[in-house]
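What follows is a set of notes on a single structure, which appears directly below.
Note that the structure is predicted; figures quoted are calculated from it, not measured. The chains referred to below are lettered A, B, ... by the order of the sequence lines, with proteins before strands, and numbering in each begins at 1.
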Protein chains: 2
Amino acid sequence: MKLSTKGRYGLKAMFDLAIHYGDGPIALKHIAERQEISDHYLEQLIAILRKAGLVKSVRGAQGGYMLATAPKTITVGIIIRTLEGPLAPSDCVTEEESKACKKASYCVTKVVWEKIRDSVNDVIDSITLQDMLEDYNKIQNKDNYMFYI
Amino acid sequence: MKLSTKGRYGLKAMFDLAIHYGDGPIALKHIAERQEISDHYLEQLIAILRKAGLVKSVRGAQGGYMLATAPKTITVGIIIRTLEGPLAPSDCVTEEESKACKKASYCVTKVVWEKIRDSVNDVIDSITLQDMLEDYNKIQNKDNYMFYI
DNA sequence: TTTAATCCCAAGTAAAATGATTGGAATTCA
DNA sequence: TGAATTCCAATCATTTTACTTGGGATTAAA
């Protein structure tokens, strides 16, 4: 039940962009350094996020990436699903009709998978990048300490 | 975020044993047939469940497996964790100290992983095999139809 | 007492997924 | 013009997954 690095690195990168929201384009190299991710690999992930319209890019020298919209409009759910596809513990409870099982009408384990799926999606859809920024600021104030992420 | 077949097949097998709770030993071959699982593979899974004390076995002809305790005492959570290990979207939020990350004290993505982890565990720990049996009986009565699982 | 049915155990394996790396073209600012 | 960057496509090593194979040990029933 682990997320792959796609979802995990992707959320870190998006949170990094949220911290720098409004600062103009941020070079992928800097994100990769701060988040300790291979930059060529992160490039592939951010390309997916860009095609999905979650981030914008500026090409050329002094270019980089930025969030396409404000942190409060971007949920953890949309980020993770964009990178990982629909989040479900079993294929029989994704939306794809094709993966239906002939026992679906009376399968009780399917009911369990549905509950897990819904619970995870409720959590990740309820958290925005703005929420994460607020958590981050709280932690920084509490310890009276600055972390430069 | 999918479960592997370990957790998925394992829950099906345990539910099958729950349906036949009190009927004496059930041959693995029959469970495998009903649940459409490779029997040699299921053998490996049920060995894990047996070693964890969730099922008992009877060797020899007319032997088989049965739940070690009543369906109401066995949760989906214990079954899945026995087969899959601790359920967490990232290694940094399992209990294992070794997988701690040096950023853990101020990592905001970690907070997200914790919320997902807790939400999944709350769901699976709240469902027992007895609950699944009751759902199963409801479905059967509603449709006025018998499914022989 | 034999035989068939069953559990038990260990090793091997093909395919897929993961998590990158490699190499280079296109674009743009200074 | 050159350095910094994004963009794109292909390749690849490793790990994980989901089994398969093969055989030994135990026991009920004929």
Side-chain angles (χ1 to χ4, degrees), chain A residues 1-13 16-17 20 23-33 35-68 80 83-85 87 89-91 99, chain B residues 1-13 16-17 20 23-68 80 83-85 87 89-91:
Chain A
M1 278 286 282
K2 260 178 64 181
L3 284 171
S4 73
T5 53
K6 281 186 190 171
R8 289 186 284 122
Y9 292 177
L11 181 59
K12 278 176 188 282
D16 193 288
L17 288 179
H20 297 101
D23 297 353
I26 308 294
L28 183 132
K29 191 175 58 169
H30 299 316
I31 303 173
E33 271 166 14
Q35 305 302 328
E36 300 181 84
I37 302 170
S38 142
D39 57 353
H40 257 302
Y41 184 50
L42 181 56
E43 200 176 290
Q44 292 170 43
L45 307 185
I46 215 159
I48 299 170
L49 296 166
R50 181 176 53 80
K51 283 165 194 163
L54 297 177
V55 305
K56 287 187 298 190
S57 64
V58 176
R59 302 189 68 175
Q62 266 57 26
Y65 296 92
M66 59 194 96
L67 296 184
I80 293 182
L83 291 163
E84 304 249 352
L87 237 49
S90 169
D91 284 341
K99 286 167 180 170
Chain B
M1 278 286 282
K2 260 178 63 180
L3 284 172
S4 73
T5 53
K6 282 186 187 170
R8 288 185 284 122
Y9 292 176
L11 181 59
K12 277 175 189 285
D16 193 287
L17 288 178
H20 298 101
D23 298 351
I26 308 296
L28 183 132
K29 191 175 58 168
H30 299 316
I31 304 173
E33 270 165 15
R34 282 190 293 260
Q35 305 303 328
E36 300 180 86
I37 301 171
S38 143
D39 57 352
H40 255 304
Y41 184 50
L42 181 56
E43 202 175 288
Q44 292 170 43
L45 306 185
I46 216 159
I48 299 170
L49 295 166
R50 182 176 53 81
K51 284 165 193 163
L54 296 177
V55 305
K56 287 188 299 193
S57 64
V58 176
R59 301 188 69 173
Q62 266 54 32
Y65 296 92
M66 59 194 95
L67 295 185
I80 294 182
L83 291 163
E84 304 250 350
L87 237 50
S90 170
D91 284 340

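Taking atom CD1 on A/I37 and atom P on C/dA20, their separation rounds to 9 Å, with Å as the unit. As a whole-Å value, the separation of A/M66 CE from D/dT6 P is 11 Å. In this structure, A/K12 atom NZ and C/dG19 atom P are separated by 14 Å, rounded to whole Å. Rounded to whole angstrom, the span from the CD atom of A/Q62 across to the P atom of C/dT28 amounts to 14 Å. Remark: P of C/dT28 and OH of A/Y65 are 14 Å apart, rounded to the nearest angstrom. The CG-P distance, from A/L17 to D/dT6, rounds to 11 Å in whole Å. Rounded to whole Å, atom C1' of C/dA5 lies 13 Å from atom CD of B/E33. Rounded to a whole Å, the CG atom of A/D39 is 17 Å from the P atom of C/dG24.
Within the 4.5 Å cutoff, no side-chain heavy atoms of A/P25 are placed close to those of A/Q62. Between A/V55 and A/Y65 there is a side-chain heavy-atom pair separated by less than 4.5 Å. Side chains of A/M66 and A/D23 form no contact here, defined as non-hydrogen atoms less than 4.5 Å apart. By the 4.5 Å heavy-atom criterion applied to side chains, A/E43 and A/L28 are counted as neighbours. Contact annotation: the side chain of B/L67 never approaches that of B/L54 to less than 4.5 Å [non-hydrogen atoms, C-beta and beyond]. When side chains are defined from C-beta on, A/L87 counts as touching A/I80, because their heavy atoms get closer than 4.5 Å.
Checking the phosphate oxygens (OP1, OP2) of C/dC9, a side-chain nitrogen or oxygen of B/R50 falls inside 4.0 Å. In this model, the phosphate group of D/dA18 is not approached by any side-chain N or O of B/S38 to a distance below 4.0 Å at OP1 or OP2. Neither OP1 nor OP2 of D/dT5 sits under 4.0 Å from any side-chain N or O of A/S57. Applying the 4.0 Å criterion to OP1 and OP2 of D/dA18, one finds that B/T5 has a side-chain N or O inside that range. Phosphate contact (OP1/OP2 of C/dA20, side-chain N/O of A/Y9, threshold under 4.0 Å): present. Note on A/K29: a side-chain N or O is less than 4.0 Å away from OP1 or OP2 of D/dT5.
Note on the helix from C/dT1-D/dA30 to C/dA30-D/dT1: angle between the axes of the first and last five pairs equals 10°, rounded to 10 degrees.
Proximity of residues 41-49 of chain A to DNA chain D (heavy atom under 4.0 angstrom from any strand atom) is restricted to A/E43, A/Q44.
A salt bridge links B/D16 with B/R34; the closest basic N to acidic carboxylate O contact falls under 4.0 Å.
Atom NE2 of B/H20 and atom CG of B/L17 lie 9.0 Å apart (nearest 0.5 Å). Taking NZ of B/K29 as the reference point, atom CD of B/E33 lies at 6.5 Å (rounded to 0.5 Å).
The base of D/dT6 sits with one of its N or O atoms less than 3.5 Å from a complementary donor or acceptor on the side chain of A/R59.
Between A/A61 and A/R8, it is A/R8 whose nearest contact on DNA chain C lies nearer the 5' terminus. Positionally, the nearest nucleotide of DNA chain C for A/K2 lies more toward the 5' end than for the other of A/H40 and A/K2.
Here the side chain of A/A27 is nearest to one of D/dT6, C/dC29, D/dG22, namely D/dT6.
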Going by atom type alone, with no hydrogens or angles, which donor-acceptor pairs under 3.5 Å involve a side-chain atom of residues 2-11 of chain A and a protein atom two or more places apart or on another chain?
unit_1	atom_1	unit_2	atom_2	d
A/K2	NZ	B/D91	OD2	3.2
A/S4	OG	A/K6	N	3.2
A/S4	OG	A/E84	OE2	2.9
A/T5	OG1	A/Y41	OH	2.9
A/R8	NE	A/L3	O	3.3

